[in-house]
Amino acid sequence: MKVEYISPFVEASITVFEMLLSTSPERGQLSARPQVFTSQQVNIVCGITGDVEGQVIYGMSIVAADKIASQMLGQSIVTFDQLAASAIAELGNMVSGNAMTLLSNQGYTCDITPPTIVKGTNVKISTLDIPALVIPMKIKDVGDLEINVSLKEREAKKAVA
Amino acid sequence: MAKRILITDDALFMRVTLKNILTQHGYEVVGEAQNGAEAVKLYNELKPDLVTMDITMPEMDGIEALKEIKAGDGGANVVMCTAMGQKNMVVEAIQAGAKDFIVKPFQPERVIEAVEKVLAA
């Protein structure tokens, strides 16, 4: 997988977190995984279709998810209910949507599918055979966010290029 | 009389947030649609002064819904409100008759500014 697919997601997550939580996340060491796999408690799965296709998964702990949702809603979360889940899903939607804008500036036109929340650790998510690159992000006072990017260029696009 | 607004977004969080922003500024939220098909149906029933429209939604997406609403009522005021700021999306929406385009995440002031401008025109 090309690294140029990664930076839009990093940039987008920084922009979105700065706006939503008034804090700037710190980027950690990139690592690779043979498959889309998550070891986090709360995961937002976004499908990507278009010139590049695959999946992006944003994983975090339940504590981090509660903190983020609380800030987005402007009230503290007692139970992780439908509204909190919706806020977290929307976070994934915003980061992916903003990343799509940046990807399109690089000449890749893509679309996102509505986000899905998957709760539970050690879940293997995709049947697609695309290796994943994982970017850990540290968010001050919130916790860690793990961005799993698993994308490949569509065959037809490759042929034209 | 308060201007009547229809909100369209598949995310509960966004509907709640937009509703709060709009009602705090004196607008009346007359309906909330969860997808494009619902937005078209509610538009025809409620005839709101303005519609906010998400793009990525299940059932019918926002661009499709925008086109259907404009086909039924050429004067409809639709403001796109979406996480996707891609040029081709913006161009397609504006060509289809959208009056403005707000990229999420947004500040409340940006929403109010867009709504005021469209309703004043």
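- Using cut-offs of 30° and 60° on the angle between ring planes, the pair A/Tyr58 and A/Phe9 is tilted.
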Check your understanding: Given A/Asp141 and A/Lys67, is the salt bridge (Lys or Arg N to Asp or Glu O under 4.0 Å) satisfied, shown in steps?
Key -> CA-CA 9 Å; A/Asp141 301 327; A/Lys67 284 184 185 166; over 6 Å; no
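- In this structure, no portion of A/Ala89 lies under 4.5 Å from any heavy atom of chain B.
- Only the side chain of B/Met89 comes within contact range of chain A, judged by heavy atoms closer than 4.5 Å.
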Exercise for review: Take B/Asp100 and B/Arg110 through the test salt bridge (Lys or Arg N to Asp or Glu O under 4.0 Å) and record every step on the way to the result.
Suggested key: CA-CA 11 Å; B/Asp100 205 343; B/Arg110 171 72 188 106; 3.4 Å; yes
I'd like a table of donor-acceptor pairs (distance under 3.5 Å, sequence neighbours excluded) in which one partner is a side-chain atom from residues 34-42 of chain B, with atom names and distances.
{"unit_1": "B/Asn35", "atom_1": "OD1", "unit_2": "B/Ala37", "atom_2": "N", "d": "3.0"}
{"unit_1": "B/Asn35", "atom_1": "OD1", "unit_2": "B/Glu38", "atom_2": "N", "d": "2.9"}
{"unit_1": "B/Glu38", "atom_1": "OE1", "unit_2": "B/Gln34", "atom_2": "N", "d": "3.2"}

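- Checking B/Glu68 against B/Tyr43 by side-chain atom types alone, no donor-acceptor pair falls below 3.5 Å.
- Proximity to chain B (any heavy atom under 4.5 Å) is restricted, for A/Thr113, to the backbone atoms N, CA, C and O.
- Contacts with chain A were tallied for B/Val103, B/Val16, B/Leu12, B/Asp10; B/Leu12 has the most, counting heavy-atom pairs under 4.5 Å.
- Within the 4.5 angstrom heavy-atom criterion, atoms from both the backbone and the side chain of A/Leu83 approach chain B.
- If you measure heavy-atom distances from A/Leu73 to chain B, the contacts under 4.5 Å come from both the backbone and the side chain.
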